[in-house]
Amino acid sequence: MNIRADSLHFSTRARPGAPDCATFRNPAGAARRTQAAVVPLAGEVTAVVFDEKARPEGAPRRRRIEARLEGAPVGRPFLATELELVSGGLRHVLMLGRRAEEIAASRMEITIEGAPTAGLDPEWLQSPVADSSALIDGLAEAGRRRLLRLIMTTGASLFGFSDETGYGAVTRELLALQGGLRQALGSVCPVGGAGVVLSYRLPKESGRAEFRTLVLETRDRIVNIKGFETCVEETPRGYLLHLFCPGRLPDGAELVALADTPLVLEGPGAGHEAQSLVPWMARRDAHAAAWLEGLVAAWADRDAGAAAIARELGASGEAEPLIALQHLSATSQGLLHAFELRDGLGLVRALRVDCGGESREIDLAGDAAVPGLRGGYLPGLSAAGAPAASWRLRLVYRSGRVHTIHEGPVPRFDGAVPECFSRLGREVAAESIALARLDGAEAPARSIVERFGPSTVRPRLSIVAPASASGDILRARAARIFGERQAGQVELVHHVREGAEAEAARKRLAEIHRTYGIAIKLVTLIGAPGPAAALCAALEAAEGELTLVLGAEVMPASRGWLADWLRCFQAGARKAAVLGGTLCATDGSVLDAGGLVEDRGALRRRPVGIPATDLPGGATAATGLATCDCAGFTAEAKAAFLASRRSHPDPDIRLAETIGRLEARGNAARTSFRNLFIRYSAPGAADPISAAADRIAIGVVARAGEGPETARGKA
């Protein structure tokens, strides 16, 4: 630039941020004007800085300061303050919503109470642009605190705060210049919904870190936090700062405490697990515990969570919640549970179940104070079926406190109704058992297959039945088969559990084979598989093209049944993969004749108890669903049954699901009245919970859209 030799005279003096500065005066002897420094803060934010030796005697505490750029007022946004220097003087800081390049290239005149005091002129020799240290160097501690507070509160509000504009970087640079100490978060304790207590271990140089200003800094804003409270706890290792912040803090934010030495405090995030305030308070000293109790009491009337903490703090030992586990068993997908809880003060919110990294909660809110047995089925735990699944059950208090009541393995659900479930409401018990049975993944039964008279050709029909019936029933059934012309096309497959019963069955079947010459297989089941798993093992051993499944004491009612049975399969091969017979009692009354009707929301069978003589002769139309007491399978139906998605312990539930899948492909199940089968023992009285559970289970299968006929089950 061009500078006239007589245009400026200067004398050396301290300049903000630099050791050598100049004070300029014009040659006419006008009042001296200090050259200001220009400090770029952000893209559109610039600070203009100059020092004053001392406040003029008699000047007001707050003086009017104005700036004109090229003769015109700088306009808004504009912010000015004065800060104390170590030397006793004052530093004036003006923050303008202009770019630093624009200000440095323009003439600026700054007046205090109307008197020209400082300025900028592009023709001056020395560049006015300085770095951030020009703001800080030489400031007294009080001045530093006021500058930081100004920039992080009023300045952020006035000029906008974000990393995109660069203003966020300015605050971090100033914090670093002022020796801001970064502190990792030690613990997080929610105070209900009122707020959160954050704890930090303070460095020795920070002392007790007393402060009155706290700001929250995120990527795009700074918020001045109001209503915060602090307590400093003295420990053998130094000081602990306990900070209560009302409301919810966003993840990933930082807190800045404007103390003598600024503190940059890590805010809560995903990596910080919240702790319960009550047990955490027990580890605090008397001063900190009293502060926390007062804090909780102050919020108890305004926040339900804080009120719960206050109740828990005031509870004596006898008022503590007590829980007694009555039943726990696991399926492949969930947990069947029953427990008694005594919680007179209503301190408990939920029972948390953890398994294999998954976590679910059983809500106890609203009824935890009511004594009595609670139970049900908790589904949706895919890790429950893992061989080494380890369980943890924890009581979750309304205060956030968590107390473990069980940790370790849980036995597998065996399909039976736990005895304690009789004390639950029948509806709750039945639905829980139904869902648990539907989720019960039975392991394939281990078995040993023995043959009596091995057949040389593949049999046309395999008759599968338990070997647990009396010897008379086993011999009578074999006689009915031997009396048919097609007896040579039949094999008998009996299944039985290992032990004394298997030894007795082995002797009887060997005798039957010697008497009638029928090919027989005995499937001995190892362990204690459920009925469905046992039937599947026998079906695996059956080699017939067709399969007839009968109950332990079920047999054909009259001669000629076998030819008719095979003919029905042949006639309906293209549309029926499952064929059911009609079960009658020994007196001729119908036990299972099909047809379900809906009665007040429940499925009921009809007709029931009619004499066999009233059945329409020769009827072959579909009248109901087959059950595993009397059901014929094609090879397709057998494969579908073995591949069923429902490993339910009741084979009829598995059959219902299979029929639904087959019907979706156009293979409807049907029954025929022409061929009657007789059950030679009265069915035992079904457990009402178990019977209701089976009805619910079939309904669940039907609602899952696996076929319309799956809604027809046992009534």
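The figures that follow rest on heavy atoms only: side chains count, while hydrogens, waters and symmetry mates do not. The structure displayed is predicted, hence computed values, not measured ones.
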Kindly check if the number of other-residue, nucleotide or ligand heavy atoms within 6.0 Å of CZ (R446) is above 12?
-> no
Yes or no on side chain to side chain contact (heavy atoms under 4.5 Å, CB included) for E491 and K521, after CA distance, side-chain angles and deciding distance?
-> CA-CA 8 Å; E491 73 165 353; K521 290 177 184 172; 3.3 Å; yes
Going by heavy atoms in the side chains, are L381 and Q333 under 4.5 Å from each other?
-> no
From L328 atom CG to F339 atom CZ, the distance as rounded to the nearest 0.5 Å = 9.5 Å
Can you find a heavy atom in the side chain of C536 that is under 4.5 Å from one in the side chain of F641?
-> yes
Interatomic distance, L492 atom CG to L550 atom CG [nearest 0.5 angstrom] | 9.0 Å
Could you give me the CA-CA distance, side-chain angles and deciding distance for L292 and W280, then say whether side chain to side chain contact (heavy atoms under 4.5 Å, CB included) is met?
-> CA-CA 10 Å; L292 287 164; W280 184 81; 3.5 Å; yes
May I ask you to test the Y397-S276 pair for a side-chain heavy-atom distance under 4.5 Å?
-> no
Look only at the side chain of D354 and the backbone of S359, and say whether a donor-acceptor pair between them is shorter than 3.5 Å.
-> no
If you measure from the Lys or Arg side-chain nitrogens to the Asp or Glu carboxylate oxygens, is any gap between E450 and R506 under 4.0 Å?
-> yes
Give a yes or no answer on whether the side chain of R497 reaches the backbone of P529 with a donor-acceptor pair at less than 3.5 Å.
-> yes
Do L336 and L378 come close enough that some side-chain heavy atom pair is under 4.5 Å?
-> no
Salt bridge E312-R398, side-chain N to carboxylate O under 4.0 Å = no
Ignoring hydrogens and angles, state whether a donor on the side chain of T331 or Y377 is under 3.5 Å from an acceptor on the partner side chain.
-> yes
Min side-chain heavy-atom separation M281-L313 under 4.5 Å | yes
Which atoms form the tightest heavy-atom contact between P190 and Q275, and what is the distance?
-> CD-O, 3.3 Å
Should F633 and L539 count as side-chain neighbours, where that means a heavy-atom distance under 4.5 Å?
-> yes
CG of L341 to CG of L395: how many Å apart, nearest 0.5 Å?
-> 6.5 Å
Interatomic spacing from OG1 in T524 to CG in L522 - rounded to 0.5 Å = 4.0 Å
Is the backbone N or O of A465 less than 3.5 Å from a side-chain atom of H494, with the two atoms forming a donor-acceptor pair by type?
-> yes
Contact summary for A538 and V493, nearest pair of heavy atoms = O-CG1, 3.7 Å
Return the minimal non-hydrogen interatomic distance between V410 and A330, and the atom names on each side.
-> CG1-N, 3.7 Å
Count the heavy atoms of every other residue, nucleotide or ligand shown that sit under 6.0 Å from CD of E358, and state whether that count exceeds 12.
-> yes
Give the C-alpha distance, both sets of side-chain angles, the deciding distance and a yes or no for salt bridge (charged side-chain N to carboxylate O under 4.0 Å, His left out) between E340 and R374.
-> CA-CA 6 Å; E340 288 183 298; R374 294 165 179 78; over 6 Å; no
Would you find more than 12 non-hydrogen atoms of other residues, nucleotides or ligands less than 6.0 Å from E431 atom CD?
-> no
State whether the side chain of R508 and the backbone N or O of L474 hold a donor-acceptor pair below 3.5 Å, judged by distance alone.
-> no
Any side-chain heavy-atom pair from S447 and I526 closer than 4.5 angstrom?
-> no
Quick one: are L546 and L548 in side-chain contact, heavy atoms under 4.5 Å?
-> no
Sub-3.5 Å donor-acceptor pair from the side chain of R349 to the main-chain atoms of L364, do we have one?
-> no
Stepwise side chain to side chain contact (heavy atoms under 4.5 Å, CB included) test for E273 and V188 = CA-CA 7 Å; E273 183 177 355; V188 181; over 6 Å; no
Separation between CG of L393 and SG of C355, rounded to the nearest 0.5 Å = 10.0 Å
Distance-minimising heavy-atom pair for I309 and V191 = CD1-CA, 4.0 Å
Between the main-chain N or O of G527 and the side-chain N or O of E498, is there a donor-acceptor pair closer than 3.5 Å?
-> yes
Say whether, by atom type as modelled, one donor and one acceptor occur between the side chain of E361 and the main chain of V353 under 3.5 angstrom.
-> no
Test side chain to side chain contact (heavy atoms under 4.5 Å, CB included) applied to L525 and V496, step by step = CA-CA 6 Å; L525 304 164; V496 67; over 6 Å; no
Heavy-atom closest pair, residues L325 and H406 | CD1-CB, 4.0 Å
Donor-acceptor contact present, side-chain R477 to main-chain V554, <3.5 Å = yes
Looking only at non-hydrogen atoms, find the nearest pair between A429 and F421 and report the distance.
-> CB-O, 3.7 Å
To the nearest 0.5 Å, tell me how far S390 OG sits from E407 CD.
-> 6.5 Å
Is there a donor-acceptor contact under 3.5 Å from the side chain of E553 to the main chain of I473?
-> no
Would you say the side-chain atoms of D439 pair up with the backbone N or O of G334, donor to acceptor, closer than 3.5 Å?
-> no
